[in-house]
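These notes are about the structure you will find just below.
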2 protein chains.
Amino acid sequence: MINVLFAARAERWNTYAPELTRAFAAAGLKVDLQQEFAPDVVDYIIYAPNSDLQDFTPYRRCKAVLNLWAGVEAIVTNPTLTQPLTRMVDHGLTQGMVEWVTGHVLRYHIGIDHNLEHQKGKWQRKLPPLSRDRPVTILGIGALGSACATTLASLGFPVTGWSRSPKEINGITCLSGDAGLKQALETAQIVVTLLPLTSGTENLLNAERLSWLPHAACLINPGRGPLIDDDALLAALDSGQIARATLDVFRVEPLPADHPYWWHPRVTVTPHIAADTRPATAAEVIADNVSRSERGVPLRYLVDRSVGY
Amino acid sequence: MINVLFAARAERWNTYAPELTRAFAAAGLKVDLQQEFAPDVVDYIIYAPNSDLQDFTPYRRCKAVLNLWAGVEAIVTNPTLTQPLTRMVDHGLTQGMVEWVTGHVLRYHIGIDHNLEHQKGKWQRKLPPLSRDRPVTILGIGALGSACATTLASLGFPVTGWSRSPKEINGITCLSGDAGLKQALETAQIVVTLLPLTSGTENLLNAERLSWLPHAACLINPGRGPLIDDDALLAALDSGQIARATLDVFRVEPLPADHPYWWHPRVTVTPHIAADTRPATAAEVIADNVSRSERGVPLRYLVDRSVGY
C-alpha cells in the first residue's frame with residue numbers, strides 16, 4: 001500500500017479525491033489517499049502551496065512532493081523541502097484552451113451570433129466563406145498558442161502566429177518583431193491573444209495597433225487582460241473597426257458588474273474559463289509520476305531548484 | 001463536341017457557366033454548354049431538382065444526369081429518369097459542412113450560449129468538461145457525416161457514427177441497424193443528424209427515440225428537416241430532455257415566420273446554410289464525371305436508385 005497525503009485546502013478534496021482514486025486505480029497502484037497521516041508513514045505528498053503543511057522535515061520516508069499547480073515559486077525556496085518536487089503540467093489545460101479558442105473562432109467564422117440575433121421569423125441566407133478564406137492570427141505562439149494555431153490550421157484556416165522572437169511551426173506563417181506584428185494584424189479577420197504578460201506586451205493592442213486590423217475584425221482574448229487597452233477596444237467596437245470581441249481575462253477579476261464589457265452588445269464576457277487545471281487530467285499526471293517513482297523511472301516535470309522552476 | 005444542358009434556375013447560370021466552362025477546358029473537354037437544346041442532341045444534363053425539366057423521356061441520347069446538389073430525393077423517384085444519376089459530392093460543400101457542424105458542436109460543448117445568456121455582470125464560473133468526456137453521435141456517416149466524424153474525433157470527442165448498414169471508419173465507433181441506433185443515442189450528449197431522407201429515415205427522431213438520449217442532450221440537424229418529428233422535438237425541448245437544438249433544414253423552407261422553432265428560446269434556426277455547393281469546386285466534379293463517362297470510366301457518386309441515394 002502506498003500512502004499519499006493530500007495537502008491542499010479542504011475544499012479541493014471533494015473535487016480531487018475521486019479523480020485521484022480513479023487515476024491511481026487506472027495506473028494499477030494500490031494507494032491509501034488521505035488528508036491526514038502520521039508524517040513518518042507518508043510515501044508521497046500531493047501539494048498546493050497554500051496548504052497548512054509548511055515544514056517537510058518530519059516526512060522522512062516521502063519520495064516526492066507533487067505540486068497540484070503549475071507555479072512553484074511559493075514552495076521552491078522552502079528550506080525544509082529536500083524531497084524531489086514536481087510541477088503540474090496538465091495536458092487538460094492545453095486541450096481546454098484549444099477547445100475554447102477553436103469554438104470561438106468557429107463561432108465568429110460561421111456567424112453564429114448573426115443567426116442568434118435573427119431568430120424572429122426572417123429567413124436571410126448569408127453563407128460564410130470557407131475557412132481557407134478566413135485568415136486567423138494568433139499573438140503568442142508558446143505552448144498554448146501553438147497548440148491552438150495547429151488545430152485551426154488543421155481545420156483549414158490560414159493561420160499566422162506572432163511572437164517577439166522568431167519561431168517556426170509547421171503549417172503556420174510565423175512572424176516576429178515590430179514589423180511582423182503589423183503584418184500579422186493587417187491580414188487578420190480573427191485575432192487571438194495568447195501572449196504572456198510582460199512589460200513589453202502590456203497594452204500591446206492599443207488604438208494604433210487595433211487600427212491595423214481589417215475593418216470588422218473579431219478579437220478573442222484568453223491570454224491576459226492587460227494585453228488590451230480597454231478604452232481603445234471599446235472605441236474600436238463602437239466605430240465598427242472591431243466587429244465583436246470575446247474576452248476571458250481582465251485587469252480586475254471578477255470583472256466588476258458595472259464594467260462596460262458586460263453590457264456591450266458585441267462583447268462576450270466569459271469568466272476566466274478558457275483554461276484551468278482539470279482535476280481528471282491533473283490526477284492522471286500525478287498518478288503517472290507516482291507510478292514512475294515506484295518503478296524507478298525518472299519523474300516528469302521535476303523542478304530544478306537551482307533555477308527555481 | 002459534347003452538348004451539355006444546364007437545367008437549373010436561370011439565376012444559377014451566371015454563377016455556374018464561367019466555372020463550368022473553365023473546368024471543362026481544364027479537363028480537356030470540348031463542350032457546348034447551353035440552357036436550351038433540342039432534347040435529342042443532349043449528351044449530359046447538369047440538373048437542379050427545382051428546374052423546369054421534369055420529363056426526361058425525350059433525352060434519349062443523354063448519358064448521365066449530374067445533380068448540382070447532394071440531395072436527390074426530389075429526382076430519384078422520377079419515373080421518366082432512366083439515365084444514370086450522380087449526386088454532387090463537392091469538397092467545398094463537405095468542408096463547409098464540417099466547419100458548420102464543428103462550430104455548433106463546440107458551441108454547445110464549451111457552453112457559449114450559457115455565456116451569452118449571462119452577460120449582466122454576474123461572474124459565474126462553469127467549466128465545461130474536456131472533449132474526451134463529451135460523446136457525440138452522428139446519425140448518417142456517408143461522405144458528409146464521416147468527414148464531420150473524423151474532424152470531431154481529431155478534436156478529442158469520442159464519436160459514434162450510425163448508419164443503416166454496417167460501416168467502418170478509423171477512430172469512430174460505428175454502429176448500425178435498430179439495436180445500434182438505440183446504443184448510439186443512449187450515449188450521445190450531442191447528436192448530429194446527417195442522414196439522407198428516405199422512407200426509412202423520415203421521423204427517425206420521434207418521441208421514443210428522443211427519449212433514448214441522455215437528459216439534456218443537444219441536437220444539431222444540418223441533414224434534412226423530415227428526419228425529425230417536429231412536435232416530438234418541441235415537447236422534448238419543453239421537458240428539458242433536449243437542452244438545445246440548432247436546426248438548419250425544415251419540412252417547409254423558408255421556415256414559416258410563425259413556426260414555433262423561430263420563437264423557442266433554446267432553438268437556433270439557421271436558414272439552410274450548413275452546406276451549399278460551391279460553384280468552382282462543383283464544376284470540377286461535374287467536368288471530371290463527364291470526362292470519365294467519355295473515357296468509359298465508371299461515374300463517381302452514382303445514385304443507387306434501389307436505396308434512394
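The chains referred to below are lettered A, B, ... by the order of the sequence lines, with proteins before strands, and numbering in each begins at 1. All values below come from the heavy atoms of this structure, side chains included, with hydrogens, waters and symmetry mates left out. Since the structure is predicted, the reported quantities are computational estimates derived from the model, not experimental observations.
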Problem - Test item: B/Arg244 side-chain N/O and B/Ile220 main-chain N/O as donor-acceptor pair under 3.5 Å - result: no
Exercise for the section: Report yes if some heavy atom in the side chain of B/Leu93 is under 4.5 Å from a heavy atom in the side chain of B/Leu144; otherwise report no. Expected result: yes
Problem - Most contacts with chain A, counted as non-hydrogen pairs under 4.5 angstrom, among B/Tyr261, B/Trp100, B/Trp263 - result: B/Trp263
Practice task
Against chain B, label A/Thr246 side chain, backbone, both or neither, depending on which of its atoms sit under 4.5 Å from a heavy atom there.
Solution key: neither
Exercise for the section: Taking the side chain as every heavy atom from C-beta outward, state whether A/Thr173 and A/Thr187 have any pair of such atoms under 4.5 Å apart. Expected result: no
Completion exercise
Under 4.5 Å to a heavy atom of chain A? For B/Thr151 that would be side chain
Practice task
Find out whether B/Leu213 and B/Gln241 are in side-chain contact, i.e. whether some heavy atom of one side chain is under 4.5 Å from a heavy atom of the other.
Solution key: yes
Exercise for the section: Would you confirm whether A/Asp90, through its side chain, and A/Arg278, through its main-chain N or O, come within 3.5 Å as a donor-acceptor pair? Expected result: yes
Practice task
Look at the side chain of B/Ser239 and the backbone N and O of B/Ala236, then say whether any donor-acceptor pair between them is shorter than 3.5 Å.
Solution key: yes
Problem - Contacting moiety of B/Phe157, where chain A heavy atoms sit under 4.5 Å - result: neither
Exercise for the section: Specify which of B/Gly156, B/Gly103, B/Gly96, B/Pro256 makes the most heavy-atom pairs with chain A at under 4.5 Å. Expected result: B/Gly103
Handout entry: Member of B/Leu139, B/Ile138, B/Asn221 meeting the side-chain contact (heavy atoms from CB on, under 4.5 Å) criterion with B/Val191
Key = B/Leu139
Completion exercise
Contact list (residues 105-136 of chain B to chain A, heavy-atom gap under 4.5 Å, by number) returns B/Leu106, B/Arg107, B/His109, B/Ile110, B/Ile112, B/Asp113, B/Asn115, B/Leu116, B/His118, B/Gln119, B/Lys120, B/Gly121, B/Lys122, B/Trp123, B/Gln124, B/Arg125, B/Lys126, B/Leu127, B/Pro128, B/Pro129, B/Leu130, B/Ser131, B/Arg132
Problem - Segment of A/Ala274 engaging chain B (4.5 angstrom heavy-atom cut-off) - result: neither
Practice task
Kindly indicate whether the side chain of B/Asp238, heavy atoms from C-beta on, has any atom under 4.5 Å from the side chain of B/His264.
Solution key: yes
Exercise for the section: Give a yes-or-no answer on whether the side chains of B/Tyr301 and B/Asn67 include a donor-acceptor pair shorter than 3.5 Å. Expected result: no
